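Following: one structure in structure tokens, then a few remarks.
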Amino acid sequence: MTLLQIQKRTMTIAGSVLSVYLLFHMLSNLSFFFGDSFNHFYQIYNSVWIRWPVLAIVLICLWIHVRAAVTIRRKNSQARQVGYKKHDKFQIPASLVTISITLLFLFIIVHILQSLYVNPLDVRASILDWFSSPFITLFYLMGVFILVMHLQHSLINVLQTLGISSKMHHIAIHSVVAVLALGFISIPVYVWLT
Ligand code: HEM
């Protein structure tokens, strides 16, 4: 196996761990709509033996994923003397991809920093406080939007690498990502509407 293949595999494994975390985070956040369950969940989750190890795994995977992605992109652009032939007119410019991935990374870092300041005894109140600001609400909606774009693009790429490119699989990816996005935006939208 070549070094490039190892890097691609490492990036995919780290990305898969992050996707599992995202699904878990979104599903647990839905407890926001069930009375005290949200605060109860975070009281258990915030115990030293759960929260910090989870955060450490997320940060390590994020680091591995970003590093591998940067290395692979650099190698690809060095190897490619002639640009790819344009197959469709909706091809996204490389600079836009770089900007969106940088913004997604910044969103995750800002969100982690903000999550360090929530009141552990009343996480629900802290969330209500976050989304009482239209600026923060917009920031989260933008973060989830970029996340959706990134997940759809990368999950379809992973399937293609595995030799799977049927329409049914594409529909499945679009549906899972749409459910993830709806779950995440449901809280800011609910707070904003009520
Ligand atoms: C938009 C709705 C979201 C809400 C309401 C939300 C809420 C929270 C809360 C309450 C915490 C932890 C606070 C605590 O432990 O006391 C947290 C942590 C975290 N969130 Fe989110 N989050 C949202 C979206 C996201 C998204 C889209 C991502 C990733 C792209 C993300 C990634 C993380 C990470 C990595 C942590 C730190 C690890 C942890 O404590 O679990 N969150 N979030």
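The figures here come from the full heavy-atom set of this structure, side chains too, leaving out hydrogens, waters and symmetry mates. All values derive from a computational prediction rather than experimental measurement.
In this model, no donor atom of one side chain and acceptor atom of the other lie less than 3.5 Å apart for Arg124 and Ser37.
Smallest separation of non-hydrogen atoms from Asn39 and Leu121: ND2-O, 4.3 Å. Between Ile50 and Pro53 the shortest heavy-atom distance is O-CD, 3.3 Å.
Annotation: the span from Ser133 atom OG to Tyr140 atom OH amounts to 10.5 Å, rounded to 0.5 Å. Put simply, CD1 on Ile136 and CH2 on Trp192 are 15.5 Å apart, with the number rounded to the nearest 0.5 Å. Here Ile101 contributes atom CD1 and Arg73 contributes atom CZ; the two are 6.0 Å apart, rounded to the nearest 0.5 Å. Of the inter-residue distances, the one linking His65 atom NE2 with Ser19 atom OG reads 7.5 Å to the nearest 0.5 angstrom. With values rounded to the nearest 0.5 angstrom, His169 atom NE2 is found 11.5 Å from Ile156 atom CD1. The structure places CD1 of Ile146 at 11.5 Å from CG of Leu141, a figure rounded to the nearest 0.5 Å.
Within the 3.5 Å criterion, the main-chain N or O of Pro120 finds no donor-acceptor partner in the side chain of Asn46. The backbone N or O of Asn119 lies less than 3.5 Å from a partner atom in the side chain of Ser126, making a donor-acceptor pair. Although no hydrogens or angles enter the test, the distance criterion places a donor-acceptor pair under 3.5 Å between the side chain of Gln5 and the main chain of Thr2. At distances below 3.5 Å, at least one donor-acceptor pair connects side-chain atoms of Thr137 with backbone N or O atoms of Phe131.
For Phe145, the ring-ring contact (aromatic ring centres under 6.0 Å, His included) test picks out no residue, with sequence neighbours left out.
A single hydrophobic cluster is seen to contain both Val110 and Val66, as judged by linkage of ILVMFWY side chains at heavy-atom distances under 4.5 Å, directly or through other members. Taking hydrophobic clusters as Ile, Leu, Val, Met, Phe, Trp and Tyr residues chained together by side-chain heavy-atom distances below 4.5 Å, Trp49 does not share a cluster with Ile57. Hydrophobic clustering (side-chain heavy atoms under 4.5 Å, transitive across Ile, Leu, Val, Met, Phe, Trp, Tyr) keeps Leu106 apart from Val58. Hydrophobic clustering (ILVMFWY, side-chain heavy atoms < 4.5 Å, transitive): Val148 and Val176 are in distinct clusters. A continuous path of ILVMFWY side-chain contacts below 4.5 Å connects Leu113 to Leu55, so both sit in one hydrophobic cluster.
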Under the side-chain contact (heavy atoms from CB on, under 4.5 Å) criterion, do Arg74 and Val70 qualify, and how do the steps go? CA-CA 6 Å; Arg74 222 176 261 157; Val70 170; 3.6 Å; yes
Please determine whether side-chain contact (heavy atoms from CB on, under 4.5 Å) holds for the pair Leu59 and Trp63, giving the CA-CA distance in whole Å, both sets of side-chain angles, and the decisive distance to 0.1 Å. CA-CA 6 Å; Leu59 288 175; Trp63 174 246; over 6 Å; no
Would you check, one step at a time, whether the test side-chain contact (heavy atoms from CB on, under 4.5 Å) holds for Trp130 with Val191? CA-CA 9 Å; Trp130 288 1; Val191 177; over 6 Å; no
Test log, rule side-chain contact (heavy atoms from CB on, under 4.5 Å), inputs Ser175 and Ile171: CA-CA 6 Å; Ser175 314; Ile171 293 173; 4.0 Å; yes
Table please: side-chain donor-acceptor pairs of residues 23-32 below 3.5 Å, with sequence neighbours left out.
unit_1	atom_1	unit_2	atom_2	d
Ser28	OG	Phe24	O	2.8
Ser28	OG	His25	O	3.1
Asn29	OD1	Tyr42	OH	2.9
Ser31	OG	Ser28	O	2.6

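No more than 12 heavy atoms of other residues, nucleotides or ligands sit less than 6.0 Å from atom OH of Tyr190.
Through direct or relayed side-chain contacts under 4.5 Å between Ile, Leu, Val, Met, Phe, Trp and Tyr, Ile72 connects to Leu4, Met11.
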